[in-house]
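Since the structure comes first, as structure tokens, the remarks are kept for the end.
The structure presented is a predicted model; accordingly, all values stated were derived computationally and were not measured. Atoms considered below: every heavy atom in the structure, side chains included; atoms not considered: hydrogens, waters and symmetry mates. The sequence lines fix the lettering, A, B, ..., with proteins before strands; numbering per chain opens at 1.
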2 protein chains.
Amino acid sequence: MVTLAEVAQHAGVSASTVSYVLSGKRSISTTTRQRVEESIRKLGYHPNAGARALASSRSNIIALMIPLRTDMYVPVMMEIAIAVAAVARTHGYDILLLTDEEGPDAVRRVTGSGLADAMILMDVELDDERLPLLRGADQPSVLIGLPADTEGLTCVDLDFRATGALCVEHLARLGHRDVAVIGEAAAVYERHTGFAERTLDGLRTRARELELRLLHRPCEGGYDAMAATLARVFDERPDTTGFVVQNEAAVEPLLALLRQQGRAVPEDVSVVAVCPEQVAIQASVRLTSVAVPAQEMGRRAVEQLVAKLDGRGSDEVVLLAPELTVRASSGPAPVQP
Amino acid sequence: MVTLAEVAQHAGVSASTVSYVLSGKRSISTTTRQRVEESIRKLGYHPNAGARALASSRSNIIALMIPLRTDMYVPVMMEIAIAVAAVARTHGYDILLLTDEEGPDAVRRVTGSGLADAMILMDVELDDERLPLLRGADQPSVLIGLPADTEGLTCVDLDFRATGALCVEHLARLGHRDVAVIGEAAAVYERHTGFAERTLDGLRTRARELELRLLHRPCEGGYDAMAATLARVFDERPDTTGFVVQNEAAVEPLLALLRQQGRAVPEDVSVVAVCPEQVAIQASVRLTSVAVPAQEMGRRAVEQLVAKLDGRGSDEVVLLAPELTVRASSGPAPVQP
DNA sequence: AGAGCCTGTCGAAGCGCTTCGACTGCTCTC
DNA sequence: GAGAGCAGTCGAAGCGCTTCGACAGGCTCT
């Protein structure tokens with residue numbers, strides 16, 4: 001291992017000078033800087049992370065806490081995580097991957113040990129038990145997701161309420177009067193994960209305003225569950241012509257079942273999905289959808305955090321505006337007989 | 001921040017004693033140990049990670065390098081990553097998440113800076129440019145995936161050659177003579193990602209031995225691509241009754257298209273998939289499949305690495321034996337007219 | 001022309017921990 | 001009953017870096 005001292009000796013300067021070249025915290029003459037940089041390159045010097053962290057009480061690491069559960073909206077999580085890692089690097093930070101297995105203890109451990117300078121939490125529940133710790137911590141943090149009480153917290157999320165409203169508006173404009181919402185699995189609502197409830201709220205509020213009838217059904221993924229759910233929907237509301245789906249695992253089954261039942265999309269029935277772009281595009285019918293902007297969410301989360309670490313920025317809730325892309329799965333409602 | 005010294009003072013012992021209580025590297029009397037542990041708890045002490053790393057030249061961090069590309073086999077990657085993180089914690093390690101965006105530089109940076117004690121690399125290509133660095137490094141590493149030359153490396157992977165063979169054997173036993181292989185996107189083969197080629201090799205070798213006709217077609221995911229591929233397959237080999245699919249994004253399109261063409265699964269055509277369990281179970285027909293044991297791979301990778309870090313263990317290639325689960329998508333070949 | 005100010009550099013003091021050697025009382029052993 | 005051996009504890013020396021204060025030399029003022 002090459003050390004600072006060796007670089008200094010090689011360049012004929014003192015250790016502190018090398019340090020200042022590296023950090024830029026004091027002005028250094030061009031000739032000295034070049035000589036030092038040359039030595040660094042020649043010797044293949046990399047500053048020791050531990051020593052740096054100890055001396056500066058900055059680890060340049062951001063902890064990212066992702067849900068252990070691998071059953072749900074996995075691609076979104078993955079996309080966020082990768083975006084976070086990539087963007088963090090451009091700001092000079094590395095990412096420490098934490099699962100929520102340890103629960104709140106992980107927060108204590110990481111803040112307590114100075115392992116990371118800050119945290120990003122994903123999959124935040126409305127009344128998450130980690131929140132009090134974050135509020136009390138001296139380290140900045142950002143949530144991806146929106147808890148019930150955002151006081152003293154910084155959050156980044158898609159505006160799911162607006163997302164719901166947007167879906168309803170689209171279907172209403174096309175003339176649909178009876179709309180069914182195929183939601184996430186019941187477990188997701190029970191955990192009080194904010195996004196599912198907020199979408200529903202947006203859907204309901206706007207439906208009321210536009211005088212649409214709305215029927216909400218949670219749904220596990222897969223064919224069997226979807227078949228059962230669909231049967232109940234048409235049983236209860238035979239005139240349903242519009243669907244809003246917020247459940248990646250239900251999208252394809254829904255399309256297949258509709259087809260199988262002789263209901264053409266979009267001639268007889270319109271489908272609007274809330275899902276990542278890729279799912280919407282790769283489906284058997286190109287789906288009209290509101291995209292979940294995973295990368296954007298990851299990016300914004302990191303940027304908020306870096307701003308805080310730099311002493312800029314403040315607690316703030318960033319809600320990304322949803323965008324609805326019209327594709328092949330939605331069209332004018334059929335004229336009712 | 002509470003420090004070791006404060007704990008020592010609170011417990012009425014020297015700092016080194018506290019350190020030894022923590023590390024267990026020297027024997028400590030029960031009464032002293034208890035007093036120290038009590039103080040630690042009361043003060044809420046967490047050892048400073050940086051200081052620890054500096055003094056011991058051990059960070060207790062394992063770097064995990066995952067592919068940036070989010071277009072491919074994402075759930076598998078995610079599952080591995082999460083398993084790695086969880087298992088690493090049980091051994092006292094945290095995970096540093098690296099994307100392959102930095103390429104080989106990331107390896108240099110991490111080894112050079114002592115940020116991590118070891119690395120796990122995913123998505124290894126047959127002739128990966130990071131390999132020479134790993135061979136030369138003084139840090140242990142484990143690959144998930146199998147490069148062409150495994151000399152001096154530790155690798156963990158599913159035995160994809162055996163996987164291919166297993167699929168062919170299953171179809172042969174059922175009496176199928178003409179089998180089509182729907183592979184990953186052409187780009188995957190071009191990158192020379194080992195697993196795709198090895199599966200193909202296993203398929204071909206065993207097919208030759210069992211005198212099956214095999215037709216391999218790479219396929220992008222999605223419906224349009226699958227439709228084109230399928231048309232070409234039946235055009236070229238009208239008697240095809242067996243399919244092996246190694247491409248998550250092609251599974252559902254294939255099933256839908258077969259159905260649409262009036263070919264019943266498994267009565268007319270059998271389908272065997274190589275994919276994660278969940279995909280096989282959630283598909284519109286429950287798929288006979290060889291599971292990609294993502295969690296197991298992650299677990300084994302960490303265990304190999306920890307063994308090396310502890311001075312146990314050696315370079316070794318761990319190939320997990322594939323298991324084929326018969327479900328509803330495969331059955332006896334129809335009698336040829 | 002001297003006070004006052006930058007600019008560029010250095011030395012030294014830690015940051016909080018691990019670990020080595022040394023020391024103190026013991027208990028064994030022959 | 002003297003020597004060996006061991007369990008239990010301590011002090012001090014770093015680990016490699018950042019950062020503070022100091023200072024030399026050159027500049028701009030009045």
Query raised in the report: Would you say A:M65 and A:M119 make side-chain contact, with heavy atoms under 4.5 Å?
Result: yes

**Report entry** Pairing of A:D123 and A:R191 as salt bridge, 4.0 angstrom limit
**Finding:** yes

Requested in this report: Considering just the side-chain nitrogens and oxygens of A:K25, establish if one lies under 4.0 Å of OP1 or OP2 belonging to D:dT19.
Outcome: yes

Filtered N/O pairs between nucleotides 4-9 of chain D and protein, under 3.5 Å:
{"residue": "D:dG8", "atom": "OP2", "partner": "B:S27", "partner atom": "OG", "Å": "3.3"}
{"residue": "D:dT9", "atom": "OP1", "partner": "B:S29", "partner atom": "OG", "Å": "2.9"}
{"residue": "D:dT9", "atom": "OP1", "partner": "B:T32", "partner atom": "OG1", "Å": "2.3"}
{"residue": "D:dT9", "atom": "OP2", "partner": "B:S29", "partner atom": "N", "Å": "2.9"}
{"residue": "D:dT9", "atom": "OP2", "partner": "B:S29", "partner atom": "OG", "Å": "3.3"}
{"residue": "D:dT9", "atom": "OP2", "partner": "B:T32", "partner atom": "OG1", "Å": "3.4"}
{"residue": "D:dT9", "atom": "O4", "partner": "B:R26", "partner atom": "NH1", "Å": "2.8"}

Query raised in the report: Considering only D:dT19, C:dC15, C:dT18, which nucleotide approaches the side chain of A:A55 most closely?
Result: C:dC15

Report task. Calculate the interatomic distance between B:N48 atom CG and D:dC15 atom P; express it in whole Å. Result -> 18 Å

Query raised in the report: Does B:S59 reach the main-chain N or O of B:L115 with its side chain, forming a donor-acceptor pair under 3.5 Å?
Result: yes

Query raised in the report: Roughly, in whole Å, what's the span from CG in A:L54 to P in D:dG14?
Result: 17 Å

Query - Distance-only polar pair, side chains of A:S29 and A:T32, donor-acceptor under 3.5 Å - result: yes

Query raised in the report: To the nearest Å, how far apart are A:L4 CG and C:dC10 P?
Result: 13 Å

Report summary line: Ranking D:dT19, C:dC17, C:dG14 by distance to the side chain of B:R52, first place goes to C:dC17

Report task. Mark yes or no for whether A:S57, through its side chain, and A:A53, through its backbone, hold a donor-acceptor pair below 3.5 Å. Result -> no

Query raised in the report: Does A:T17 use its side chain to pair, donor to acceptor, with the backbone of A:V13 at less than 3.5 Å?
Result: no

Requested in this report: Scan side-chain atoms only and decide if B:H46 and A:S113 contain a donor-acceptor pair under the 3.5 Å cut-off.
Outcome: no

Query raised in the report: What is the distance from CE of A:M1 to P of D:dC17, rounded to the nearest Å?
Result: 11 Å

Query raised in the report: Considering the terminal five base pairs at each end of the helix from C:dA1-D:dT30 to C:dC30-D:dG1, what angle separates the two local helix axes, rounded to 10°?
Result: 30°

Query raised in the report: CG of B:L22 versus C1' of C:dT19: gap in Å, rounded?
Result: 14 Å

Query raised in the report: Rounded to whole angstrom units, what separation is found between the CG atom of A:D117 and the C1' atom of C:dC15?
Result: 15 Å

Query raised in the report: In Å and rounded to the nearest 0.5 Å, what is the OG1 to CD distance from B:T193 to B:E190?
Result: 10.5 Å

**Report entry** B:D159 side-chain N/O to B:L320 backbone N/O, donor-acceptor pair under 3.5 Å
**Finding:** no

Query raised in the report: Which part of the nucleic acid, if any, lies within contact of B:S56, taking any heavy atom under 4.0 Å across all strands shown: a base, the sugar-phosphate backbone alone, or nothing?
Result: sugar-phosphate

